[in-house]
K.L.:
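Could you have a look at this structure, given as structure tokens, before my questions?
Here the structure is a predicted model, which means the values were calculated and not measured.
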Amino acid sequence: MSVQQLVENMHPIVSMSGGIELFAALITLILFVGSCFEPSRKTRIGKMLMGILLSHTIMQATDAMLWFLVDIPAYIPMVRVLNTLSFVSGGILMVLYVYCALTYIEEKEPVSFVPAHIAAVVIGIAVVAWVISNFNGMYYYFDENGLYCNGPLSWVNLVLWYALFLTSVFVVLVHRKVLGWKQTCILISFGILPIAASSLETVWDITPRYMAMALSIILVYMVIHVTQSKQLLQRELELSQSRVAIMLSQIQPHFLYNALGAIEQLCVVDPPTAKQAMNNFSHFLRGNLDSLTADKPISFEQELQHTEHYLAIEKLRFQQYLNIEYHIETALFRLPTLTLQPIVENAVRYGVTKKDEGGTVTITAKETDTAFIVTVVDDGVGFDPMLPHEDGRTHIGIQNVRTRLASMVNGTLDIQSTPGVGTVATITIPKEEN
């Protein structure tokens, strides 16, 4: 049968149903394409939302094609393939939604992912059963005239879908207090609207279930997407404030006074060294100022160079009481600006220079199969990073480093210190973020 004949023989209801579903698929496809360019696409919940949109697009598009091809014997093999693809993508959609809803709620309070795991297992079994149904007709079959007919176990498939819809409602209602009534109503619409629409199938000739699902997905996408966007903006604001705070914490009057005082003395006794010291000092100040506009990670080589300028200045002051060792095996990775230098400063100011005989600060950078590891070790007096220092300052540097590492490269900072022995600070940056 040609395309022209197919269109001419098409019932108006079939044409309307298929057209409506194709339109719904187009909407979610547009949302999916738009999500590919959103910053939130890299977050776990962002990836789930993209999976939901793509799964729905495939499910809706394949089901729309079924409206045009079903009940035509020549297209039965194609109908079987499309039917299976629609069912599988729909199952993936249901599981992703439960995981997505729980992940969204997890940002507000602890949750259990057991319902999502159960839904995934059930869908896995259902997919296998649906594939088998293509051969034994337990869910559906085609009669001798090529007409689509429900199989003896078609009710099992219907119960499965209702159970998954109700599961999505259940996981939201359990956490309704933390969500609030507006978000709760929108999130449970994914389960409520399709069930309500299914009851209309006995009245209407068209199938409104999938359209109701499309509407609820759009509503859920808008709520979660707006929330994620607000969180990203808030995080960017905090990072901006963090950069300003840490930059100001690095440029302090007593440090400037001591550095300039040491350079002034060198100008008399050792002008060439004074010139080099002034060069290090200017580069150090430039690095701090540049951090104000650095909204993306920089190369480790740049950060290490900035740290070296700082250490060169401190070396002028402490001379033989401050020793520096470098063990750099790799520098081919990126990290937030002003990450290494504040840690090294802590090692110098509160570690080795507090020790009568001084000490050594060792900076190491190495690569593993999964991450880049940077360690700063000092053999100074040791300290507790969770307690305030005795100089009355707030010492925001370390907390800012942790915040920016987590937000920008999904990295971590671990500090272990033993009084009288020294301190080990370890930065871990997953390779997947570089």
K.L.:
State whether the side chain of T418 and the backbone N or O of V421 hold a donor-acceptor pair below 3.5 Å, judged by distance alone.
P.N.:
no
K.L.:
Is there a side-chain contact (heavy atoms from CB on, under 4.5 Å) between Y310 and K315 once you walk through the steps?
P.N.:
CA-CA 9 Å; Y310 164 76; K315 185 70 174 174; over 6 Å; no
K.L.:
May I ask you to check whether T28 and T57 show a side-chain donor-acceptor distance below 3.5 Å?
P.N.:
yes
K.L.:
Using a 3.5 Å distance criterion without hydrogens, assess whether the side chain of E303 forms a donor-acceptor pair with backbone atoms of L338.
P.N.:
yes
K.L.:
Go through the steps for T84 and N134 under the test side-chain hydrogen bond (donor to acceptor under 3.5 Å, both in side chains), then give the verdict.
P.N.:
CA-CA 8 Å; T84 301; N134 284 301; 2.9 Å; yes
K.L.:
Taking R404 for the side chain and T337 for the main chain, is one N or O donor matched with an acceptor at less than 3.5 Å?
P.N.:
yes
K.L.:
Measuring only between side-chain heavy atoms, which start at C-beta, is V376 closer than 4.5 Å to T362?
P.N.:
no
K.L.:
Please tell me whether Y140 and W130 form a close aromatic pair, meaning their ring centres lie under 6.0 Å apart.
P.N.:
yes
K.L.:
Could you check whether H56 and Y221, counting side-chain N and O atoms only, form a donor-acceptor pair closer than 3.5 Å?
P.N.:
no
K.L.:
Can a donor-acceptor pair be found, under 3.5 Å and without considering hydrogens, that links the side chain of Q341 to the backbone of H306?
P.N.:
no
K.L.:
Closer than 3.5 angstrom, by distance alone: can the side chain of T62 be matched with the main-chain N or O of I58 as a donor-acceptor pair?
P.N.:
yes
K.L.:
Decide if the gap between the ring center of Y99 and the ring center of H117 is smaller than 6.0 angstrom.
P.N.:
yes
K.L.:
Quick check: are there more than 12 heavy atoms from other residues, nucleotides or ligands sitting under 6.0 Å from CZ of F170?
P.N.:
no
K.L.:
Heavy atoms, side chains only, cut-off 4.5 Å: are K366 and F372 in contact?
P.N.:
no
K.L.:
Is the closest basic N to carboxylate O distance between K431 and E367 below 4.0 Å?
P.N.:
yes
K.L.:
Count the heavy atoms belonging to other residues, nucleotides or ligands that lie under 6.0 Å from CZ of F113, then report whether that count exceeds 12.
P.N.:
yes
K.L.:
So, do T375 and I373 sit near enough that their side-chain heavy atoms are less than 4.5 Å apart?
P.N.:
yes
K.L.:
When you compare the side chains of E345 and Y350, does any donor N or O come within less than 3.5 Å of an acceptor on the partner?
P.N.:
no
K.L.:
Between S417 and T423, is any side-chain donor less than 3.5 angstrom from a side-chain acceptor?
P.N.:
yes
K.L.:
Does a donor on one side chain and an acceptor on the other come within less than 3.5 Å for T103 and E106?
P.N.:
no
K.L.:
Is the number of heavy atoms from other residues, nucleotides or ligands under 6.0 Å of K177 NZ greater than 12?
P.N.:
no
K.L.:
Report, as yes or no, whether the 6.0 Å neighbourhood of atom CD on E301 holds more than 12 heavy atoms from other residues, nucleotides or ligands.
P.N.:
no
K.L.:
Checking D379 side chain against T360 main chain: does a donor-acceptor pair fall under 3.5 Å?
P.N.:
yes
K.L.:
With a 4.5 Å cut-off on side-chain heavy atoms, are Y326 and L311 touching?
P.N.:
yes
K.L.:
Counting only heavy atoms not in M138, do more than 12 sit closer than 6.0 Å to its CE atom?
P.N.:
yes
